[in-house]
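Here is the structure we will look at, set down as structure tokens.
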Amino acid sequence: MPEVDRHATWGGRFSSKPDSLMQVFGESVSFDKRLAPYDLKGSLGHASMLAHIGLLTAEELNELSNGIKELEIEVLKEDFPWKLEFEDVHMNLEQALMEKTPVAEKLHTGRSRNDQVATDMRLFFKDACSSLQISLEGAMKALLKVAEKYATLPIPGYTHLQRAQPVTVGHHVLAYIEALGRDYERFSVVAKHSNVCPLGSGAIAGSTLPLDREFVAVALGFVDEEGNPCLTPNGMDAVADRDLFVEFAFACSTVALHLSRLAEDLILWNSSEFGFVVLPDAFTTGSSLMPQKKNPDSYELVRGKTGRIVGNLTNLLITIKGLPLTYNRDLQEDKPPIFDSFDQLSICLAVVKNCMEATEFSEEKCRTAASDPLLLATDLADYLVSKGVPFRQAHHIVGELVGLAESKGILLTDINENDATSLSEHLNGDWKEVFNLDRAFLLREKPGMPGPKQISSRIAHWQSILAD
Ligand code: ARG
């Protein structure tokens, strides 16, 4: 056999092998080798289908299947000799199978690397979605423990990073649980969209051979709830489509954005200026110069890696934009951003989980900050509304009251009765009751509000969803 044939499965029409620079430039095995388990699974499914339609004998299928199983073990043991000159995971594995059995020459019958890689990635996405869902659950459970422990601990809620209204740690942390719950759903959707089999599309136009697309789809688990095979309906779309990559990268990005905002809250809360939380030593670091420092690096990295994860989404969108149908080699660049988003998000979720599990709130600091009467200025306007004052007027009256307190350098609660009544006749008697935090929360018992019953019912909701 001339040397060129041993170096590429497509060597037939070439008189020389690729330049060594081209080999290094064009290879993808350094990163797509992680698809090996999916590639082998896909090959076994494809081989079973070839046997089913009579293009392989039972004995040949057996040979291939034994070879594939051996390769699965070698790949798992991580001692598989990946070779750059075989370009990608598909050709490395096919070549390795050839070493085991000559029947491997028949494996690629009716198949192209285009539908092969599309299949591998769909199998990868199914696993990746469920793995990230497990990681999401871990982080959500850790957050839920915090919400349970500090369900009624008041803290200021912020808009524009200015103290706005009192909430509780339970309410604030539950906000993140709700967001991560939506992320969980998004991965279910991506997994559902992944569940369609491209095999049989060939390069773009299928095959003249009597392939049984339904058979291979079922063999690989691309089935709906009733067990019916799910097939891509257009061969050109099947090999050109990278929607799933974008969807997956987007789903990773929304999780990352949520974690990044959580990280930002914790970084602020951990600062001396807020002092609401004490982060665990195990997830903070010191300064090489300043002995007193304890830096929230874990959360800063979660925030920092979000840029990378969002960048991966942008990378994919720009790679795909402007490609004519169908497959173009540019598409080989679709995998590094996907693997990176998966890896980085997995570790971010693990860090957030471990960090949250060991985070303590400083009850005193939280209560002191939440006791600022200005936080209940809106409640005072509501009080006036309940006395029949139109809201706009009530807003104005309380605004004047706030201005008065500010000019006198006193708290809203320290304004004397005469000054108050001069602004509104209704500000007499029990108006200062409004500044009782317990009252403020008890009056907020509609869905979505931070009333104690609302918080405990939402905690119970998530407890039942996240129960083992
Ligand atoms: N390594 C290639 C990729 O990831 C596999 C598909 C190659 N197809 C081709 N027509 N060259 O995109």
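Each ligand, and each atom within it, is numbered from 1 in the order the structure gives. Source: prediction; values computed, not measured. These numbers come from the heavy atoms of this one structure, side chains and all, not from hydrogens, waters or symmetry mates.
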Go through it in stages, so that I can follow the logic: the residues are Tyr176 and Asp265, the test is side-chain hydrogen bond (donor to acceptor under 3.5 Å, both in side chains), and I'd like the CA-CA distance, side-chain angles, deciding distance and then a yes or no. CA-CA 11 Å; Tyr176 283 111; Asp265 274 344; 2.7 Å; yes
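Considering only non-hydrogen protein atoms, atom 5 (C) of ligand 1 sits nearest to Asp88 OD2, 3.5 Å. Scanning the protein heavy atoms around atom 11 (N) of ligand 1, the nearest turns out to be Arg113 NH2, 3.5 Å. Counting only heavy atoms of the protein, atom 8 (N) of ligand 1 lies nearest to Asn114 OD1, 2.9 Å. Nearest protein heavy-atom contact of atom 7 (C) of ligand 1 is Tyr327 OH, 3.5 Å.
Using a 4.0 Å cut-off between heavy atoms, Lys335 contacts ligand 1 through its side chain alone, with no backbone atom that close.
Proximity to Gln332 (heavy-atom distance under 4.0 Å) selects the following atoms of ligand 1: 1 (N), 2 (C), 3 (C), 4 (O), 12 (O). Taking every non-hydrogen atom of Ser28 and a distance limit under 4.0 Å, the qualifying atoms of ligand 1 come out as 1 (N).
A ring-centre distance under 6.0 Å is not found for Tyr299 and Phe283. Checked against the 6.0 Å centroid criterion, the rings of Tyr158 and Phe274 qualify as a close aromatic pair.
The CG atom of Leu136 lies 10.5 Å from the NE2 atom of His258; values are rounded to the nearest 0.5 Å.
Residues His90 and Glu94 form no side-chain contact, since every pair of their non-hydrogen atoms from C-beta on lies 4.5 Å or further apart.
Among the candidates Asp237, Asp334, Asp330, the single residue satisfying the salt bridge (Lys or Arg N to Asp or Glu O under 4.0 Å) test with Arg242 is Asp334.
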